[in-house]
Amino acid sequence: MADQPSSSFTRGIFAGVVLDSLLFPYPRALDERSTDEARTVRRLIKSLREMEHDLIDSAKFDEEETIPENVIRAFAEAGFLGLTIPKKYGGLELSSSAYARVFETLSSIDGSLAVLVGVHCGLGSKAIVLHGNDEQKERYLPPLARGDFLAAYALTEPEVGSDAQNIKTTAMLAKDGSHWRLNGRKIWIGNGHRAGVIATFAQAFVERHGETVQRMTAFLIRPDMPGFKVVGTVHKLGIRGSTQAELSYEGMVVPADHLLGAVGRGFGVAVHVLNAGRLTLAAGCTGATKRSLKHMATYAEDRVQFGHPLADFEITQRKFSRIASEIYASDSMLGILASLVDRGDIDFSLEAACAKVFASEMVWRAADDMVQLAGGRGYVKPYPYERILRDSRINRIFEGANEVLRLFIALNGIQAPAEALKEVGSALRRPLRNLGLLGGFATSRVKLRLGQTSTLDIELHNRLKKHKEFFEKHVADLGSATDRIVIRHREKIVDSELMLERLADMAIDLFATAAVIARTQNLIDERGLEQCEHEIALCDLFCLEAGRRFRENRNLLDSREEDVDDGRRRIAGAVRNGKGYFVTDAILEE
Ligand SMILES: Cc1cc2nc3c(=O)[nH]c(=O)nc-3n(C[C@H](O)[C@H](O)[C@H](O)COP(=O)(O)OP(=O)(O)OC[C@H]3O[C@@H](n4cnc5c(N)ncnc54)[C@H](O)[C@@H]3O)c2cc1C
């Protein structure tokens, strides 16, 4: 039976249900789906590789904390500033799969350029593509595609980051309705100092159920609007070639026709754009991890210690194998996620969050392993390793901090079981609303229907059978653990972050495992078993390690762990009271 549109694989596994048809058969490669688009992507990748040698000087971008205009111009001429813009407005109108693939290569070359392009194409321009009206698209998309100016996306404020629903910037409509006046501050806005158009957000008054309330509303603004000011730019740990600006809106006059979407619907706009952006971020992290592994493989062959290349040592090999198997998993998730996004009728928000969390933690671990393998050279310039490590770090923070995304995954996942208990269902509504989950796809429920089961009802090769068995057992475990936890904690579950974090980690590992199984089966079908030995080895290692993590997290959901969690809370309380470490020094007290 076909799955309902807007059902979600990850939501399903929390209910102990495997929605096979969302993963199987594994999506076909881009070449088979659209030869034209595959050709365009190859051309873009080739041009990136050429620019990598002639034009892109990552060490210089990092040192000088800027990307020169001639590089941006060359990017515009090659089409990189119109990747997500429809053809009718002069862009390349890439599908999400194609855009993610280009972004993967770009991120493997330079993290700062990836952020510049990602903010321009994936956030600023994308907000107009998704939510602009025809007039706004006509006006802004052609110059954005040509690279006449850059786009930005300004949500974050000094007082409000993760809790974006509660931004403080206000928007007041003039009495004659001709314009809005915005007051507020935005910080760390990528491209903000030189953007020609910025999608931004402010609280406007709206009528809801007979009451006047403030609701987030989206606008398009330009630097020439009276009251707009770039306060300054910031120095950073990594991605230093990209620039983030602080913006101030002081009674900024925004013409009424620059409202983006409907009044009061801005949070939906913000979340919609960010959801799609997480695929790209995960793709970028996967590309950057491939580059780190390449650096490691090269370095470890050349560097000889104790009479052997570093690559001969088993500890080095453990690092290689773990990173390779995680790249395989991340890549497998990307293939599925990109095709879900391109389908357009599926709730992919949880899979996007899973892929973002997984890939951003993978890229950081791999960069750390790379620095360690390179020893002292890992830590000093002019070697690229320390810069790559610094560039990697931001991915766990922006486009949804990973802690917040884990809550997003778990709170969504427990939604269906929680609805059965009235007080839990209503307690869930507050955090879900704050995380932007009560709109559009996000309200979709898992409905157990005839034909839906907790098993992978797909014929798999014998070589994958044991992974299938463990996967099915673990889905059943997640389903029953979710029920148990909701019943045990009732409405308090929404604040039990340690439990939610474990549930989210279990779901992330299950989604990754399912993606790996689906991809490996597909490769076996295409090439035959003998030609897939490497991929099967990666699949075996990943499934084994993910399974171990899963079981560890499952055991930590046990009620006995609550005593340990109580201990953690007590220690955290002491840290808070003592403003840090609170025990006398073991050697000498100051
Ligand atoms: C280099 C850079 C580029 C950026 N680009 C842009 C941009 O172009 N446009 C834009 O609008 N914004 C941008 N940002 C802002 C970015 O999206 C925010 O930094 C991010 O959303 C986190 O917000 P915050 O920094 O205020 O952290 P906070 O919300 O203060 O959170 C701090 C930390 O607390 C933890 N935390 C938060 N909530 C919870 C919770 N409920 N439970 C447990 N832990 C929690 C997380 O670990 C989090 O990292 C950028 C930031 C940087 C540094």
Side-chain angles (χ1 to χ4, degrees), residues 48 58 61-62 99-119 122 190 236-242 277-299 318-335 337-338 351-374 378-379 383-406 505 508-509 511-512 515-516 538 541-542 545-546 549:
L48 280 175
S58 299
F61 299 169
D62 181 65
Y99 176 49
R101 182 62 189 84
V102 174
F103 200 80
E104 183 187 321
T105 301
L106 175 58
S107 304
S108 75
I109 294 173
D110 187 79
S112 294
L113 263 169
V115 168
L116 183 144
V117 171
V119 170
K236 307 184 297 290
L237 174 74
I239 53 162
R240 292 171 53 167
S242 73
R278 287 188 191 124
L279 160 66
T280 325
L281 195 141
C285 292
T286 309
T289 312
K290 287 180 184 172
R291 172 190 48 186
S292 288
L293 188 57
K294 190 171 179 185
H295 277 307
M296 288 172 77
T298 313
Y299 187 88
R318 170 178 53 73
K319 291 174 184 169
F320 284 3
S321 60
R322 174 171 176 157
I323 297 169
S325 72
E326 289 187 351
I327 294 173
Y328 185 65
S330 194
D331 222 8
S332 302
M333 280 191 271
L334 282 177
L337 176 58
E351 288 71 30
C354 289
K356 190 273 186 181
V357 170
F358 185 91
S360 62
E361 296 184 357
M362 168 184 78
V363 74
W364 172 248
R365 274 194 305 270
D368 183 48
D369 279 342
M370 176 186 64
V371 165
Q372 186 70 16
L373 187 70
Y379 199 75
Y383 302 95
Y385 315 116
E386 56 86 30
R387 173 172 43 76
I388 292 172
L389 179 85
R390 288 188 284 108
D391 285 353
S392 310
R393 187 60 183 84
I394 186 61
N395 295 297
R396 288 164 53 200
I397 298 173
F398 65 9
E399 299 207 22
N402 286 7
E403 290 77 2
V404 176
L405 288 180
R406 283 188 162 92
D505 282 334
I508 293 169
D509 270 325
F511 172 50
V516 161
L538 292 171
L541 182 62
F542 182 80
E545 294 196 328
R549 284 192 299 269

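We number each residue from 1, following the sequence as shown.
- Considering all non-hydrogen atoms of both residues, Ser360 and Cys285 come closest at CA-SG, 3.8 Å.
- Side-chain contact check for Leu279 versus Tyr99: every heavy-atom pair is 4.5 Å or farther apart.
- Between Glu386 and Arg390 there is a salt bridge, with a side-chain nitrogen of the basic residue lying less than 4.0 Å from a carboxylate oxygen of the acidic one.
- When the side chain to side chain donor-acceptor pair (under 3.5 Å) test is applied to Asp505, the partners found at least two apart in sequence or on another chain are Arg406.
- Contact annotation: the side chain of Met362 approaches that of Thr286 to within less than 4.5 Å [non-hydrogen atoms, C-beta and beyond].
- Annotation: side chain of Lys356 is in contact with side chain of Asn402 (closest heavy-atom distance under 4.5 Å).
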Kindly indicate, with the supporting measurements, whether the criterion salt bridge (Lys or Arg N to Asp or Glu O under 4.0 Å) is fulfilled by Arg322 and Glu326.
CA-CA 6 Å; Arg322 174 171 176 157; Glu326 289 187 351; 2.8 Å; yes
Show, in sequence, the C-alpha distance, side-chain angles and deciding distance for Arg240 and Phe61, and conclude whether the side chain to side chain contact (heavy atoms under 4.5 Å, CB included) test is met.
CA-CA 7 Å; Arg240 292 171 53 167; Phe61 299 169; over 6 Å; no
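- Contact between Ala367 and Ser292 at its shortest, heavy atoms only, is CA-OG, 4.2 Å.
- Proximity of Asp369 to Phe320: side-chain heavy atoms (C-beta onward) are nowhere separated by under 4.5 Å.
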As a quick check of understanding, evaluate side chain to side chain contact (heavy atoms under 4.5 Å, CB included) for Leu389 and Met370, giving each step before the final call.
CA-CA 8 Å; Leu389 179 85; Met370 176 186 64; 5.6 Å; no
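- Looking at Tyr328 and Leu541, their side chains never come closer than 4.5 Å, going by heavy atoms from C-beta outward.
- Looking at residues two or more places apart in sequence or on another chain, you find a salt bridge (Lys or Arg N to Asp or Glu O under 4.0 Å) between Lys290 and Glu104, Asp331.
- At a threshold of 4.5 Å between non-hydrogen side-chain atoms, the residues Gln372 and Lys319 count as touching.
- With values rounded to the nearest 0.5 angstrom, Ile397 atom CD1 is found 9.0 Å from Glu403 atom CD.
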Are Leu373 and Tyr385 close enough, and set up right, to give a side chain to side chain contact (heavy atoms under 4.5 Å, CB included), and what steps lead you there?
CA-CA 10 Å; Leu373 187 70; Tyr385 315 116; over 6 Å; no
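- Every residue was checked against the salt bridge (Lys or Arg N to Asp or Glu O under 4.0 Å) condition with Arg318, not counting sequence neighbours, and none meets it.
- Using modelled atom types and a 3.5 Å distance limit, the side chains of Ser112 and Asp62 yield no donor-acceptor pair.
- Side-chain N or O atoms of Ser330 include none that pairs as donor or acceptor with a backbone N or O of Ile327 at under 3.5 Å.
- Put simply, the side chain of Asp509 reaches to within 4.5 Å of the side chain of Phe542, judged on heavy atoms.
- Counting only heavy atoms from C-beta outward, the side chains of Glu399 and Asn395 never approach each other to under 4.5 Å.
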